[in-house]
Structure formats: C-alpha cells, structure tokens
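So the structure is just underneath, and the comments pick up after that.
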Amino acid sequence: MMNETVILNDLDPRQKEAVVHTDGPSLIVAGAGSGKTRVLTSRIAWLLCKGTDPSRILALTFTRKAAGEMKDRIAAMAGVSLARKLCMGTFHSVFVRFLRQYHELLGYPKDFTIYDTGDSTSAIKHCVQELKLDEKVYKPKEVLSRISMAKNNLCTSEAYAANTAAITNDRQARKPEIHRIYAKYQQVMLANGVMDFDDILLNMNKLLTLKDASGEPVVNQIAGLFDYVLVDEYQDTNLSQYLILRKLCQFHRNICVVGDDSQSIYAFRGAKIENMLNFKKDYPEMKLFALECNYRSTENIVAAANTLIAKNAARIPKTCFSSREAGEKIVLEKTYSEMEEASAIASAIIRRIRENGASYQDFGILYRTNAQSRAIEEALRKRNLPYFIFSGNSFYERAEIKDMMAYLKLIVNPRDDEAFRRVINKPARGIGDTSLAVIATVASAEGKSFFEAACSPGLEEYGIKSGALGRIREFTAMILAHNALQGDKDAYSLTLSIAEKSGLYRFFKEDTTIEGQSRLANIDELFNSVKGYIDERNNSYIEDMIADGQINDGSAVPAESLPQVSLSDYLESTSLLSATDVADDETANRIALMTVHSAKGLEFPYVFVAGMEENLFPSGGMMITPQELEEERRLFYVAMTRAKQALCLSFATARMRNGKREANSPSRFLKEIDSKYIANPYVVQDIADDGDSGLVSRLLRGGSSGRPSFQGGSRSSAPMGAGRPSVQPQRPQYVAGSGPRTLRKTNAPTPVKEDFVPDSPLDLRAGMRIEHNRFGLGNIISITGDPSALKATIRFDASGEKVLFLQYAKIRIVH
DNA sequence: CGGCCCCGCGTTTTT
DNA sequence: CGCGGGGCCG
C-alpha cells in the first residue's frame, strides 16, 4: 500500500487539488491530454489511503476498457486486494447487477439476457410485421432509434403514448404508429425476459423509485451502499444516467464527475452536454477543478485547437496550454480527389519514416465516415504500408458467431424469441417457415414465448406435421438439457457441447469453401474466447486470493475448487462488451485507420485528418442545426487533440460519394483555426471563400499556389514532410487483450499493465528478471510443479513473494 | 432449401 | 459504387 506522498508525487498542483478534495460534489473539467484518468485513479487511491472501505466507493465508466484500466492502475497503487473490492465498472454492468438482485420487483426473470442493437432491431422488425405495418415506413432502425431516445429521456411506452408532443411529431412525420410499436416491443421484451441497453438504465431509474417487500425504498438500500461516487466521461452521460447518479448521491453528495465538455461527441445518441454545464445547478456547493495543462500535444496543436473550440457557444470557458515545446505548425493539404488525398497521406508517412525515424504505429489516420477508409487503404496497400482498421463490424456481428451466441443465449434464457428464431432451423433441420409461423401463432394466442409454445402439448392441433413436431421436440429437449446443465458444467463445456449437439459445428466443418473455412475458424475463435474468459477469471481469482493473503501458494488451489464460470457469466461479459475485433498482433506496429469517434481517448505522434470538407466534416450540409454544428466542431477538436507531434489536415475538392463525383469546398473548420498555427494557411484562404468552386478560383489565380504537392514533383507543401527532427516520438501502447479503443498514455505515473506479450512459461527459469502484467517487476526464485501445472515462486519488487500458476500468470522476461 | 438477382440505400456508435 | 436484404426461381 502506497502512502500519500507517493500518490501525489507525479501530479501537478492542479491535479493534486482535485485528488485530495474528496468530500462534497466535485466537477473536474479535464482538457484533452490533461491526465484525467490519472487524477481519477489517484483520487480513488487517495480515498483508500485514507482508510475508506473500497466497497463503499462506486466508480462508473462508459467502456469496460476504461474500467479495467482504472482498476489496474489502482491495483498498482493501492494493491490488488483493495482494488478488487471497489464497485467499479461500466454504468451498464454495475446496474445490471442491481437489476438482477431486484429482478422480482421489476417483473423480470433472474436470468434475463441482454439484447444488443442487432437483436433489438430485429425484434422491432418483427413487431412491425406483427402489427401489419409497412416496414418501408417504419424502418426498424429508425424506429429503434426513436424508442431509444425516448427511453434515454425516461419516456416509457405508456408515457410516450400519452405524450402529445411525441405523438404530434410522429404524425407529422407520417409515422403515427410508433407508439404502438414501442408498446408492442416493450411487451415482447418483458415477456421474453430480455432488456436492451436502454432498458438497463430505464429500469435502474424505475428500481430507484420502488420499495422492496418490507416497504423500504430501494434507493435507500442501493445509495446506502456507497459513500463516494465517481464518474468518468461525464460529458457523455444521458438524462437517464444523470438521474440515476443524482438519486445515488442524494444522501452524501460525494459525487465527483470528470469530463471534458469540449469532447462531448455523442449527443446523437442521447448524451447531454448540459449535464456537465449544469452541474452547478444541482450541486451549488460544488468545487470546480480545471485541468488545463495538456501533457500530450505540442503548444502549436493545443493553441490551434483552442482557437477552434472557442467558436462554440455552449462550453465551460477554459484555456488549455501545453507542457511541451512549440512544435511544428499544422499542415494543410489540398488535393483534387480522394485517391490523391490518400496518396498524399501515404507519401507523407513514408517521408516521416525516412526523415524522422518514425515507425508505423506512430501514425493515426482519422476520418469522419467509415466509407473514407477505402481510398486510404488502397494507397497504403500500394506502398506496402501496414495498417489496421478499427472496424465498426465486430467479431460478434458475424453471422456464424451470432448463431452460436444465439444458441448460448437460448440455453440461458429459453424465452428469448429472437434467439429462438435465429437457431430453430440452423443448421437446416426441417423446421421451416411454416412450422415457425405456427409456433408464432400459438405463442401469440397463448401469450407465451416461442420456446414455451414449441413445448406446448397441443401443437399438433394447430396443424404441425408429425415429422416436424418430432424435430421441434428434439430441438427443445436439446436446449432444455443444456439449460439444466448450467449448474454443473462451465461455459466452455456447454459451448462445445451445444456446438456439437446442434450440428452447427459439423455444418460449418463440412463447408469446404474458403468462406466456410473462415466461418469455422471464427467458431473456433469463439471457443477460444470462452476458454480465455474462464482462464482470465480463474487467474484473477487465484491472484486475488494470493493478494488477500488467504493463500500464498497458487498450488493450494486445485482446478476443481475454482469457482465455476457459468455460461450466463460469459454471456453477460460479451453482451456488455463491444467486440475485441482487432487482435493485439494485428495492431502491432501498424498505421491506425479509424473514425474520429473511435479515436477518442487515443493519441498518436502523427495524425492525419482526411476529408476536411463541407458536407463531410462538418457533415450534414444545410440541414445541420447550430447544436449539431457545435458537436461537429467538438468532434474536430477531438481529432486535432489526438496528435502529439504533428497534425496534417487534408481535403479533396471533389470525391466519389455514393457512386457520384461531388465537388466540395474546404471545411469551414480549417478557416476557424487561427492561421498563425498553420504552416500554409493560404491553401484554404485563397479558395472557395464564398461557395466559389476551388477549380474556378484556381484558374483565375493562374494555378500557381495551392498546387498539389505531388504534381510536377513539387513537394514544398507536402503534408508533414521534412519537419525538423524533434523528440523521438513516444509510441502509443495498447493494452493486452484490448479492444479497439484502448490506448495508454506513455507517461503514465505508475507501472500499469502494458502491451503485454507474455513469454511462454516453458522459457522461464529460476533467477530470471521478469515482469508480471499486474504485479510488475520481480525475480523468479524457483520453479516447481509438474510440467502440466508449473508454478513459480517470484519475489516482486513492489509486493513481495508470491507463488503463481504459470498457466494463468502473464509473465514476460525482462532482458 | 439454397442460390442468385435486383433493388434500395448510403454519419458518427461506448453499452 | 458496393453492400445487404428480400424475393423469386430452380
């Protein structure tokens, strides 16, 4: 356990203030690169240091990665045993725990499962069909988004139907039946024992208004569990989350929220920047801390971003400054097509590598829309530059994975109709549309789920043929058998079993086409993922026991005594987690391509932002509202502040969009940056000042300035070209097992779990200097045990001697 | 039951 | 232009 001095050691005075002021409401406005996470974790460590019971601290984040990262850092500062007792996680995962605990009050089964956006969309679609409405008019995605917005604003289906504004609005949009779809959807979801993401928050709100069986308000019980509440990325909270927080903090008012209003980019999803702007209204006694020192970017970049964001009206006034040198000016790059733009970026990267000794992972190429990646990919491929894309399409969105997941969901919650539909005839087992229609009719008539309908004895009477009936019975029996095994078998063996028994694995195995083989590989990858999850859980269980001093030898924990990791545990871990689509080795030393949204929280020495054009960035064109324009500006602010060393902003005067060539003028944002921070501001100022097309003004000018840098061999304005060599760039580091969005600042104040590539246990020898992903540096004292269960006694510098199971521990040799 | 073709559509996306 | 979904045909 660290002492107070150590916690405060690497913090600047402002950060220190924010860390030690623990009681009462705090608003920490943390500019980009200002050490936000460091302050949050130090604050928790500080509380622990002061003797606060960790279980009475609630810390909420948006992503699981952020939660994990914070937990790791706190573990490094305050010890694993304290860190693991914290109530820390995403809004959704923490609240799901409470919802399960109080499921009866809400009328949900204990094993309710969670629908992802895809599941919800298809559920909506089926509701639209059942209500005999036109899918063209009631596009499932659109309807879902409308319902989602309603839920985020705590508008239940009943409230929606009674809300004249909403109804009028829908009528004017020629979609008057949305309220009926909403009602139907909610009814089906409840009957299926399923919640969508928004329901988790909505029901949490509802729960906090209920009384338990003994008549005690639930809010007293839950809010009473905590003395301190901390929230990360507060600018991204929606109304639903805001209200929950308010209820949870009403007794002690020890709420600490951290965020940056300038980086609020999720309004389109219901996030309310007002939550941050109005914090003082709810908590007049609050203390404001502004972290304005940016440790990430050079002064030029920080100052330039400041001038941009100053154009926004809705913001908390603050002026960020850099702790670093002035650095290079921002370079603009004008091109005439998206291909040319991509080539310019690729050339600039090559030049940087040659002249600055940069490596691939030092580059981030950001864009507003995913469609822009294509041209860039082609340019990079042509030059053999390795890259990876943070794709929106995740592992869990692949059809074959969805199939397997649907089986798993159905085992845990047989009432899940969407899962049932998906797998009832997968692989084909002679239960076609006709049979499914009958099942649907029965379910609807008897108010049952599909599964219950499929089990009901009177199914023949509805006209199911005996052959099909037998197969249906076989199917339900198979699911029920697995459902019953959940207590005895762990997630892995159930997954293997259902893959085999359902015939799905054989089905994919028999498909010898290339795609078929890839699907099979994905299924195998899913098995690995389940196994990995179980190992991870076992590993941390053992480490926790050791850290707790309950045991000091990993061998005291025979495998069979480890708590079993159930299928339901696994499902919850995946349903609330966006996929880790990009494996670590795929991101290793590659150029990163991603949308600006995905880049939030990341940093790169060299950043390119492509497509700086009106109608693209800012997107939307004329029908964009002032609020939306401000959000676009914040989005661009996020893009700019990803850069540590150098920033290049490019635009194309024309590009292919939806199969058509479109002319665009440069983004207004380019002109909003004070030109003194730009190396070649004339590139944008000369042209298209007032809707004039770039081509015309170029012809008028004689075309000498603003020429693309690689026409005619001129390269004077090449993006981020031969900048003077400066500090050796720090490289972004990705967390082991990380999903797309995790990147750690390299100037982290404490040792943390890094980009961990563990060495094989077989390579470890007594006497070696090693590093453990959690416990840090240490020396191997001895290695014992038989080859199948090797254990090592390791003396850690920070935490003393421990015995670890090598099959679980992640250890690498330090040379 | 599966494959092929045609049509429509086309920001951003933690959970 | 490139994709996914739905419908129709073999």
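Letters A, B, ... are given to chains in the order of the sequence lines, protein chains preceding strands, and every chain is numbered from 1.
- Looking at residues two or more places apart in sequence or on another chain, you find no ring-ring contact (aromatic ring centres under 6.0 Å, His included) involving A/Tyr637.
- Taking atom CE of A/Met656 as the reference point, atom C1' of C/dC1 lies 6 Å away to the nearest angstrom.
- Residues passing the ring-ring contact (aromatic ring centres under 6.0 Å, His included) test with A/Tyr185: none are found, sequence neighbours excluded.
- Residues meeting the ring-ring contact (aromatic ring centres under 6.0 Å, His included) test with A/Phe62, sequence neighbours left out: A/Phe91.
- Looking at A/Lys600 and A/Glu233, a side-chain N of the basic residue comes within less than 4.0 Å of a carboxylate O on the acidic one, giving a salt bridge.
- Each salt bridge (charged side-chain N to carboxylate O under 4.0 Å, His left out) pair with one or both residues in residues 631-640 of chain A, not counting sequence neighbours, appears once here: A/Arg368-A/Glu632, A/Glu631-A/Arg634, A/Arg633-A/Glu672.
- Remark: C1' of B/dT13 and CE of A/Met149 are 11 Å apart, rounded to the nearest angstrom.
- Residue contacts shown for A/Thr61 are absent, as no nucleic acid heavy atom lies under 4.0 Å away.
- Contact between the side-chain N/O atoms of A/Arg374 and the OP1/OP2 oxygens of C/dC3 is found at a separation under 4.0 Å.
- Every residue meeting the side chain to side chain contact (heavy atoms under 4.5 Å, CB included) condition with A/Leu190, not counting sequence neighbours, appears here in chain and number order: A/Tyr108.
- One interatomic measurement links the two molecules: CD of A/Glu338 to P of C/dG2, which rounds to 11 Å at whole-angstrom precision.
- Evaluation of the salt bridge (charged side-chain N to carboxylate O under 4.0 Å, His left out) rule for A/Lys382 yields no partner, not counting sequence neighbours.
- Remark: A/Asp416 pairs with A/Thr113, A/Tyr115, A/Val194, A/Lys409, A/Asn413, A/Glu418, A/Ala419 by the side chain to side chain contact (heavy atoms under 4.5 Å, CB included) rule, at least two apart or across chains.
- One can place CG of A/Leu99 at 17 Å from P of B/dT15, the figure rounded to the nearest angstrom.
- For A/Asp199, the side-chain hydrogen bond (donor to acceptor under 3.5 Å, both in side chains) partners are A/Lys151, A/Gln186, not counting sequence neighbours.
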What N/O pairs connect the protein and nucleotides 8-12 of chain B at under 3.5 Å? Give each pair on its own line.
unit_1, atom_1, unit_2, atom_2, d
B/dG10, N3, A/Asn658, OD1, 3.3
B/dT12, OP1, A/Asn370, N, 3.1
B/dT12, O4', A/Arg368, NH2, 3.1
B/dT12, N1, A/Arg368, NH2, 3.4
B/dT12, O2, A/Arg368, NH2, 2.3

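- Rounded to an integer number of Å, the gap from A/Arg64 CZ to B/dT15 C1' is 11 Å.
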Enumerate all atom pairs, one protein N or O and one N or O from nucleotides 1-7 of chain B, separated by less than 3.5 Å.
unit_1, atom_1, unit_2, atom_2, d
B/dC1, OP1, A/Asn425, ND2, 3.2
B/dC1, OP2, A/Asn425, ND2, 3.2

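- Cation-pi check for A/Arg100 over A/Phe112 is met; the charged atom lies under 6.0 angstrom from the ring centroid and within 45 degrees of its normal.
- Annotation: ring-ring contact (aromatic ring centres under 6.0 Å, His included) contacts of A/Phe508 (sequence neighbours excluded): none.
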What does the list of N/O pairs under 3.5 Å between the protein and nucleotides 5-10 of chain C look like, with a distance for each?
unit_1, atom_1, unit_2, atom_2, d
C/dG6, OP1, A/Lys125, NZ, 2.4

